[in-house]
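As structure tokens, the structure follows; a few thoughts come after it.
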Amino acid sequence: MNGGLTGLERHEVDPPANIEITDPGFLGYLSIHWTLPTSLQNLTGCTVRYQLRYYDTYEERWRSVRTVKLTYAAQFDPEKPIKVRILTVLKCACTNGTEVQGEEKEWVYTPEPTGVAESRIRDFHCVYYGKEYMECTWESGPGQPPDSQHYLYYWHREMDETKECPEYIIFSEGRRGCRFPRESLLEFSKFNLCVNGSSPAGSLKMAYFSIEVQNYVKPTVVSSVHVSEIDGELKLDWSPPSGQVPEHCLEYEVESSTTMENGKQKQENMVLQNLEDTSYSVPREVESQKTCFRIRSKVNMYCADGGFWSDWSQTKCTENKETQCIPKLTYLGLVGLVVIGIAGVIILCLSLWILKKISIKKINKKDALYTLYKEKVNETMPTILSPIFK
């Protein structure tokens, strides 16, 4: 014990021993292990902690953590050097209740390059469409041999082991990819991916990626856009995009393009954040002829650290001032045509009724004359026939 105290008085605390990094096969999610320094194994009544720093090659910065455990897991890029720095922090009665930090020890591992030269894929890109499915696509490396095959594997912390791409997709011009259903994804956690391959010339170079899928969302197109004018204001209304993105997670960008009376164009863009309802109003320009709007959406900063704008909605425009009276004139014209049509029908019906009455009178008159004629004939016939039969 006294020997330990002598060392502590000199503020010399040994670093952890037996530092080791193991790969459990989770595509860059590595485990760091160490043991208690031999010089501190017999100390009692002391608190021993470890300050670990490791270099995050994805974000290009050092990350730091303090722990009392003898192990820690962190995300690394297996294609780049793995750098770890660790020291011991001691606090006990012999340090007067203050923390004493020991010497920092660095451990560096540089992976050896493998695979066919220039066969590593390029232009790797992921998009989480409407939070319904995600597609990750890539292009072949410039030195990829003919008849090569690509394979994609993925892993996140709720998986016991890595899995292969659930659905491969092939695009034109050699671009390939993988489609992930929503059920295979995990948000707000590292989602690790690896693309490797084989060829007649040998294995292709591996490519590793680590993303958080909620930062790659692209909402669907905003639908049901309507423009109206009320009391000199232009009001734009729309419906939220379909899909699984919550409405409170969306922000919108409205683009307006106004044609002035002198023929010039005036364009404005407005980003609307924390929008509780899906509407937007602006005063109508006094000298404007027509104003057109279109809108798109994106996941806001309260629900993700990044994302993609959706495609623009269909463009909706107001009417020209010269043509605003056309609907009224058209309406009046239609009303006039209807009135004229009804009047024509009435006149036609009256004309037919009068003609019918006249025809009936003529027929009745002819019937009366014919009856009178028959009566006359019947009266004269006996007078004519009597001398003949005498």
Side-chain angles (χ1 to χ4, degrees), residues 130 219-243 247 250 252-270 272 275-297 310-378:
T220 57
V221 177
V222 175
S223 60
S224 302
V225 181
H226 301 282
V227 180
S228 57
E229 182 175 358
I230 303 175
D231 298 330
E233 279 195 338
L234 300 179
K235 186 179 181 183
L236 182 67
D237 297 280
W238 63 89
S239 298
S242 60
E247 292 184 21
L250 291 170
Y252 298 93
E253 181 180 11
V254 177
E255 181 185 86
S256 63
S257 179
T258 303
T259 303
M260 310 303 289
E261 290 182 350
N262 57 10
K264 293 184 178 180
Q265 295 284 334
K266 180 181 179 182
Q267 184 170 315
E268 294 181 345
N269 288 69
M270 177 66 69
L272 311 176
L275 198 63
E276 295 182 357
D277 57 353
T278 52
S279 63
Y280 176 66
S281 298
V282 292
R284 176 155 194 164
E285 296 280 351
V286 178
E287 299 179 353
S288 66
Q289 292 291 321
K290 181 175 70 171
T291 301
C292 295
F293 296 93
R294 61 178 185 169
I295 187 170
R296 61 181 181 174
S297 65
S310 70
D311 295 331
W312 286 105
S313 68
Q314 291 185 344
T315 301
K316 296 292 183 178
C317 302
T318 60
E319 299 168 349
N320 291 333
K321 284 186 176 181
E322 290 84 352
T323 61
Q324 285 182 351
C325 60
I326 293 178
K328 295 181 180 179
L329 294 175
T330 304
Y331 174 77
L332 293 175
L334 289 174
V335 171
L337 289 174
V338 171
V339 171
I340 293 172
I342 293 173
V345 171
I346 293 173
I347 293 171
L348 178 61
C349 291
L350 287 174
S351 300
L352 292 174
W353 183 78
I354 292 171
L355 288 174
K356 184 177 180 181
K357 287 293 185 181
I358 294 173
S359 298
I360 291 173
K361 286 182 178 180
K362 286 183 178 181
I363 291 172
N364 292 337
K365 187 175 181 180
K366 286 182 179 180
D367 291 342
L369 291 174
Y370 178 73
T371 302
L372 182 60
Y373 170 78
K374 286 181 67 177
E375 291 176 353
K376 292 292 184 180
V377 169
N378 292 334

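Few gaps surround CD on E233; more than 12 heavy atoms of other groups in view lie less than 6.0 Å from it. Within 6.0 Å of CG in N269 there are more than 12 heavy atoms belonging to other residues, nucleotides or ligands.
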task: Dump the intermediate steps for side-chain contact (heavy atoms from CB on, under 4.5 Å) on E268 and M270, then the final yes or no.
output: CA-CA 7 Å; E268 294 181 345; M270 177 66 69; over 6 Å; no

task: Output, in order, the C-alpha distance, side-chain angles, deciding distance and verdict of side-chain contact (heavy atoms from CB on, under 4.5 Å) for E253 and I295.
output: CA-CA 6 Å; E253 181 180 11; I295 187 170; over 6 Å; no

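Residues passing the side-chain contact (heavy atoms from CB on, under 4.5 Å) test with S223 are S239, sequence neighbours excluded. Checked against side-chain contact (heavy atoms from CB on, under 4.5 Å), K235 has the following partners two or more places apart in sequence or in another chain: S228, D237, S279, S281. By the side-chain contact (heavy atoms from CB on, under 4.5 Å) test, V221 is found to be paired with D311, S313, residues two or more places apart in sequence or in another chain being considered. Listed by chain and residue number, E255 satisfy the side chain to side chain donor-acceptor pair (under 3.5 Å) test with Q267 (two or more places apart in sequence, or in another chain). Shown here are the side-chain contact (heavy atoms from CB on, under 4.5 Å) partners of L350, two or more places apart in sequence or in another chain: I346.
T278 places a side-chain N or O within 3.5 Å of a backbone atom of W238 that can act as its donor or acceptor partner. Judged by distance alone, with hydrogens and angles left aside, the side-chain atoms of T220 form a donor-acceptor pair with the main-chain N or O of S242 at under 3.5 Å.
Considering all non-hydrogen atoms of both residues, K290 and T318 come closest at CG-O, 3.2 Å. Considering every non-hydrogen atom in both P241 and S297, the closest pair reads CG-OG, 3.7 Å. Of all heavy-atom pairs spanning T259 and Q265, the tightest one is OG1-NE2, 3.0 Å.
In this structure, Y280 OH and Y252 OH are separated by 15.0 Å, a value rounded to the nearest 0.5 Å. To the nearest 0.5 Å, atom CG of residue L272 and atom CG of residue L250 are 12.0 Å apart.
Among T258, V225, T315, V282, the one residue that satisfies the side chain to side chain contact (heavy atoms under 4.5 Å, CB included) test with F293 is V282.
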